[in-house]
Amino acid sequence: MVAGQYLGFLAILGVSFAGAVVGSTLLPESALPYFGLIPIALGVRAGWKVWRDRHSRSDDDHDPPPTRQGPGIWRVAVVTFANGSDNIGVYAPLLAVASVGAMFVYTTVFLIGVAVWCAAGKYFASHRLVAKALARWGHIVLPVALITIGLAILIGGGVFGAA
């Protein structure tokens with residue numbers, strides 16, 4: 001599971017770095033901070049989907065029972081990449097406006113974050129009370145985080161005035 005997470009996440013980072021290089025070489029520097037609109041749009045979209053799903057979900061909808069055998073590395077990697085592909089819309093703009101040193105720090109933090117998420121997932125999966133709280137409130141975190149990152153990119157890039 002962990003190896004698949006890292007493989008999928010490394011693919012996300014690779015595409016994000018490519019997007020950052022293309023964006024930063026083809027566009028004028030003054031346009032780069034406006035990439036912050038991408039995570040804001042993704043956050044608004046995620047919030048809309050949560051709101052829509054909460055209001056359209058039937059009481060008859062049930063999640064499928066968990067399987068006992070874990071998926072293979074490649075399946076986890078593909079699912080990680082597919083589920084995290086919206087991260088490219090956040091990481092590419094962030095990396096496009098970052099210095100080389102900041103890129104190194106971001107990459108290091110992201111890779112450590114994967115380990116933390118894997119450990120946290122194992123912990124949360126074995127603690128019913130925590131899992132129940134996350135199921136109830138966790139959906140709010142993604143839209144807020146995406147919009148916050150987008151605003152940080154816009155503000156850091158000086159879109160609203162001096163940075």
Side-chain angles (χ1 to χ4, degrees), residues 1-57 63 71-121 124 134-163:
M1 189 72 84
V2 173
Q5 285 285 330
Y6 270 101
L7 191 59
F9 194 76
L10 287 172
I12 290 169
L13 281 178
V15 172
S16 297
F17 273 107
V21 168
V22 169
S24 65
T25 56
L26 295 179
L27 296 173
E29 190 172 326
S30 62
L32 296 180
Y34 289 98
F35 276 132
L37 295 172
I38 296 170
I40 291 172
L42 291 170
V44 169
R45 179 176 170 254
W48 171 253
K49 286 176 70 174
V50 167
W51 182 85
R52 184 189 65 208
D53 291 348
R54 291 274 183 199
H55 288 84
S56 67
R57 188 174 173 122
D63 293 330
I73 291 173
W74 291 108
R75 179 172 283 173
V76 172
V78 168
V79 170
T80 298
F81 185 82
N83 287 338
S85 61
D86 59 337
N87 294 355
I88 296 167
V90 176
Y91 299 159
L94 185 65
L95 296 170
V97 298
S99 67
V100 173
M103 285 183 188
F104 177 77
V105 170
Y106 290 144
T107 302
T108 302
V109 169
F110 292 156
L111 294 174
I112 291 170
V114 171
V116 170
W117 279 118
C118 288
F124 292 144
L134 283 175
R136 183 169 184 184
W137 298 106
H139 63 282
I140 295 172
V141 173
L142 177 65
V144 170
L146 289 171
I147 291 168
T148 301
I149 290 168
L151 288 172
I153 293 169
L154 290 171
I155 292 167
V159 170
F160 301 111

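Because only heavy atoms are used, hydrogens play no part in the values below, and waters and symmetry mates are left out as well, while side chains stay in.
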Thr25: side chain to side chain contact (heavy atoms under 4.5 Å, CB included) partners, not counting sequence neighbours: Val21
Excluding sequence neighbours, so at least two apart, what forms side chain to side chain contact (heavy atoms under 4.5 Å, CB included) with Val105? Val109
[atom2] on [Y] to [atom1] on [X], rounded to 0.5 Å:
X: Phe160; Y: Ile155; atom1: CZ; atom2: CD1; result: 6.0 Å
X: Ile38; Y: Ile153; atom1: CD1; atom2: CD1; result: 8.5 Å
X: Ile88; Y: Leu42; atom1: CD1; atom2: CG; result: 10.5 Å
X: Arg45; Y: Lys49; atom1: CZ; atom2: NZ; result: 4.5 Å
X: Ile140; Y: Trp51; atom1: CD1; atom2: CH2; result: 15.0 Å

Closest approach of [X] to [Y] (non-hydrogen atoms, all atoms of both residues):
X: Pro93; Y: Gly36; value: CB-N, 4.4 Å
X: Ala20; Y: Ala96; value: CB-N, 3.6 Å
X: Val97; Y: Pro33; value: CG1-N, 4.0 Å
X: Gly43; Y: Pro143; value: O-CB, 3.4 Å
X: Met103; Y: Ala98; value: CE-O, 3.8 Å

Parallel, tilted or perpendicular: ring planes of Phe110 versus Tyr106, cut at 30 and 60 degrees: parallel
Decide yes or no for Val15 and Tyr91: does some side-chain heavy atom of the first lie under 4.5 Å from some side-chain heavy atom of the second? no
Can you tell me if Tyr6 uses its side chain to pair, donor with acceptor, with the backbone of Leu111 under 3.5 Å? yes
Checking side chain to side chain contact (heavy atoms under 4.5 Å, CB included) against Ile147, which of Ile149, Leu151, Val144 comes through? Leu151
